[in-house]
2 protein chains.
Amino acid sequence: MSSRPTSKPARGTARDALLDAALAVFREKGYSATSVDDVCARAGVTKGAFFHHFKSKEELGQAAAEFWGTMTGEVFRTAPYHDPADPLERVLAYIDFRKALLQGEIAEITCVAGTMVQETYQTSPAIRAACEKTIYGHVETLVADIEAAREAYAITDTRWSAQGLAAHTQTVLQGAFIMAKARNDVAIAQDSVDHLRRYVEMLFKRA
Amino acid sequence: MSSRPTSKPARGTARDALLDAALAVFREKGYSATSVDDVCARAGVTKGAFFHHFKSKEELGQAAAEFWGTMTGEVFRTAPYHDPADPLERVLAYIDFRKALLQGEIAEITCVAGTMVQETYQTSPAIRAACEKTIYGHVETLVADIEAAREAYAITDTRWSAQGLAAHTQTVLQGAFIMAKARNDVAIAQDSVDHLRRYVEMLFKRA
DNA sequence: TGACTCATACAAACTAGTTGGTATGTTTTG
DNA sequence: CAAAACATACCAACTAGTTTGTATGAGTCA
């Protein structure tokens, strides 16, 4: 048995609990429809704790977007799709990895940054910037492999760039989340990721 | 001079004004962050008028999604991309048409249904269903041309269907809106539409 | 044609509840 | 003990929705 009662969490964890709760609630209800009380209730802390760690709801939103970026960054950094020696195989393995993640409840697979930026891009510059950094920061992690694949497969087509294709993968994923939400079914998202994979294969002439 | 004073709008126009205002405000601030007062103020009517025409904010959301569907439906039905004799040319012309629409302020080019469903897919079944009908109803208008192109170009690949590719076009567009909002720049959206066009061309072996 | 009826289309003021945020504690920890 | 980490109680502003009242136009019938 622990000397600390499990009902009351250890001190100093309220901020983490609030961030975790924020990510969960934002994915379900969105940023605007989520109240500070919602987040506090889910985190199991009081409003006093909330405003001790965040000076406003907007600051929580910003922190949540950044937290999401570092969290997912860790997941992708340690994921196995980096293993193949061939750079194109790494890119395709990334796409396969993203498709494999498209399982379970919709709220558990969507991108918090994409969800938040949709609601705040005009009303909160801070949140928008944090979401941009998260999304396009992830895009950057793909550029090197695509660039290497272009060289390995002697692709000289200047009509598209590694940067642009990397961004396009995120376009497809973000769109897939919306299409899945609209139909209330994740299958449609997987289908679009298949189209994305086929496109990349064809770009590198592996049809 | 009109016998009717211009300051006071004609009777029976409040509902239309409210729907127009709703589309505009939803695109800027999203559904949740928009208050009924916001919509009334933009429409230039009072709350009495609002709740005369809509029994709740949710009903406005549903009506707005349907209104968006019929409005855009009219635009696409009368658009010139249906003219080419070759069905693949019609599909490509549709994509070009969508790209041409990607100009101006972000709030003026985005899809209201995509924006709304993101916020309401878990909290309002009525709005979600209305958005689904609008988005996937538009998808349906593309299926016939893609199907005809498959036949015309003797495409027998069973790994993808006309229905699936039609949905994928909307995936790319919806995703493009999010990527544009994140970066606060529409150029990234146009780039993804270019990728989509290239993909369709390659699918029909016109590389 | 013109007075009467009546439903529709609004307007203005109000209410009960929720919102983000604050002021002021109390407890824990270094 | 001092500061950090919370909890409690509270507030002003805002929220969706209601209540009540009024202007208007479409029928109707003498």
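Computation of the quantities below employed the complete heavy-atom set of this structure, encompassing side-chain atoms and omitting hydrogens, waters and symmetry-equivalent molecules. Each chain gets a letter, A, B and so on, in the order its sequence line appears, and its residues count up from 1.
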Side-chain ion pair, B/Glu74 and B/Arg77, N-O less than 4.0 Å: yes

Interatomic distance where CG belongs to A/Leu60 and P belongs to C/dT19 [whole Å]: 15 Å

Point-to-point distance, once rounded to the nearest 0.5 Å, from CD of B/Gln170 to CD1 of A/Ile188: 10.5 Å

Rounded distance in Å - CZ (B/Phe50) to P (C/dT8): 20 Å

Whether B/Phe76 and B/His138 hold their rings parallel, tilted or perpendicular, with breakpoints at 30° and 60°: tilted

Protein-nucleotide distance (B/Arg15, atom CZ; C/dT8, atom C1'), rounded to Å: 14 Å

Closest listed nucleotide, where the reference is the side chain of A/Ala14 and the choices are C/dC10, C/dG21, D/dC6: D/dC6

Separation of D/dC6 C1' from A/Asp16 CG (nearest whole Å): 15 Å

Residues from residues 28-39 of chain B lying under 4.0 Å of DNA chain D - heavy atoms: B/Thr34, B/Ser35, B/Val36

A/Lys57, nearest nucleotide to its side chain (from D/dA7, C/dA11, C/dG20): C/dG20

Rounded interatomic separation in angstrom, taking CD from B/Glu59 and P from D/dT18: 12 Å

Close side-chain approach of B/Arg198 to A/Leu203, heavy-atom, < 4.5 Å: yes

Nucleotide D/dA16, atom P - distance to CD of B/Glu58 in whole Å: 13 Å

Whether B/Tyr81 and B/Tyr94 hold their rings parallel, tilted or perpendicular, with breakpoints at 30° and 60°: perpendicular

Sugar-phosphate only, base, or nothing, as touched by A/Lys47 at under 4.0 Å among non-hydrogen atoms: base

Those residues that, when tested against A/Glu108, pass side-chain contact (heavy atoms from CB on, under 4.5 Å) (two or more places apart): A/Glu105

Axial cation check for B/Phe50 ring with B/Lys57, 6.0 Å and 45° limits: no

Nucleotide nearest B/Phe51 when distance is taken to its side chain, options D/dC6, C/dG21, D/dG17: D/dG17

A/His52 side chain near D/dA5 phosphate (N/O to OP1/OP2, under 4.0 Å): yes

